[in-house]
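Written below as structure tokens is the structure these notes are about.
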Amino acid sequence: DVQLQASGGGLVQAGGSLRLSCAASGFTSDDYAIGWFRQAPGKEREGISCIRNRDGKTYYADSVKGRFTVSSDHAKNTLYLQMNSLKPEDTAVYYCAAPWRPGGCPAPYYSGSWYYYWGQGTLVTVSS
């Protein structure tokens with residue numbers, strides 16, 4: 001079975017950093033794009049990033065550009081979301097997701113409709 005396991009969330013002060021992990025099993029993440037999403041309380045889900053693992057091409061939402069960085073460790077079949085300069089408005093449950101088929105990031109990458117496999121989410125809380 002294909003599974004994505006997100007982890008690494010926690011409580012951090014504004015200006016701090018966290019690194020989220022997304023462990024993939026049941027498929028080789030090298031062949032897939034992995035998207036990162038978040039959902040804050042009372043708000044709609046927001047697509048914030050995608051990485052095309054085949055060549056490392058990345059996409060970022062304006063809300064996180066310059067602060068968040070996605071990367072992958074092919075040997076560990078794990079993806080990472082490094083989050084720096086965190087703000088209280090970054091507080092949300094963060095998810096990683098993969099499309100149904102291997103290949104590049106969906107168009108648009110930030111639409112959850114294009115993703116089929118979802119991790120369970122990890123909570124990030126940024127205090128002011």
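Atom set for the values below is all heavy atoms of this structure, side chains included, hydrogens, waters and symmetry mates excluded.
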Query raised in the report: Would a line drawn from the ring center of Tyr109 to the ring center of Tyr59 be shorter than 6.0 Å?
Result: yes
Query - Any donor-acceptor pair under 3.5 Å from Gln39 side chain to Ala92 backbone - result: no
Report task. Using modelled atom types only, decide if a donor and an acceptor are shared between the side chain of Thr91 and the backbone of Pro88 within a distance under 3.5 Å. Result -> yes
Query raised in the report: Can we call the ring centroids of Tyr115 and Trp100 under 6.0 Å apart?
Result: no
Report task. Could you pull out all residues at least two apart from Asn84 that satisfy side-chain hydrogen bond (donor to acceptor under 3.5 Å, both in side chains)? Result -> Ser17, Gln82
Query raised in the report: Is there a side-chain contact between Cys22 and Trp36, using heavy atoms and a 4.5 Å cut-off?
Result: yes
Report task. Evaluate whether atom OH of Tyr110 has more than 12 neighbouring non-hydrogen atoms of other residues, nucleotides or ligands under 6.0 angstrom away. Result -> no
Query raised in the report: Is a side-chain donor or acceptor of Arg67 paired with a backbone partner of Ser85 at a separation under 3.5 angstrom?
Result: yes
Query raised in the report: Ile34 and Phe37: same hydrophobic cluster, using ILVMFWY side-chain contacts below 4.5 Å?
Result: no
Query - More than 12 heavy atoms of other groups within 6.0 Å of Trp114 CH2 - result: no
Report task. State yes or no: do Leu20 and Val12 share one hydrophobic cluster built from I, L, V, M, F, W and Y residues joined by side-chain heavy-atom distances below 4.5 Å, directly or via other members? Result -> yes
Report task. Give a yes or no answer on whether the side chain of Thr125 reaches the backbone of Leu11 with a donor-acceptor pair at less than 3.5 Å. Result -> no
**Report entry** Residues Leu18, Leu86; criterion side-chain contact (heavy atoms from CB on, under 4.5 Å); working and verdict
**Finding:** CA-CA 8 Å; Leu18 276 177; Leu86 283 163; 4.2 Å; yes
**Report entry** Distance-only polar pair, side chains of Glu46 and Ser63, donor-acceptor under 3.5 Å
**Finding:** yes
Requested in this report: Mark yes or no: Arg38 above the aromatic ring of Tyr94, with NZ or CZ under 6.0 Å from the six-membered ring centre and no more than 45 degrees from the axis.
Outcome: no
**Report entry** Test item: Trp118 and Leu4 side chains (from C-beta on) under 4.5 Å apart, heavy atoms
**Finding:** no
Query raised in the report: Can you get from Tyr80 to Tyr60 by hopping between Ile, Leu, Val, Met, Phe, Trp and Tyr side chains that sit under 4.5 Å apart?
Result: no
Query raised in the report: Is it true that a side-chain atom of Asp90 and a backbone atom of Lys87 form a donor plus acceptor pair closer than 3.5 Å?
Result: yes
Query raised in the report: When rounded to the nearest 0.5 angstrom, what is the spacing between OG in Ser49 and NZ in Lys65?
Result: 10.0 Å
Report summary line: Between the SG atom in Cys105 and the CZ atom in Arg52, the distance rounded to the nearest 0.5 Å is 7.5 Å
Report task. Check the side chains of Asn53 and Ser72 for a donor-acceptor pair under 3.5 angstrom, ignoring hydrogens and angles. Result -> yes
Report task. Show your working on side-chain contact (heavy atoms from CB on, under 4.5 Å) between Val124 and Met83 and close with a plain yes or no. Result -> CA-CA 10 Å; Val124 173; Met83 306 185 296; 3.8 Å; yes
Requested in this report: Please step through side-chain contact (heavy atoms from CB on, under 4.5 Å) for the pair Leu81 and Thr69, ending with a clear verdict.
Outcome: CA-CA 6 Å; Leu81 180 67; Thr69 304; over 6 Å; no
Query raised in the report: Would Tyr117 end up clustered with Val70 when hydrophobic side chains under 4.5 Å apart are linked, directly or stepwise?
Result: yes
Query raised in the report: Transitively linked via ILVMFWY side-chain contacts under 4.5 Å: Leu79 with Tyr116?
Result: yes
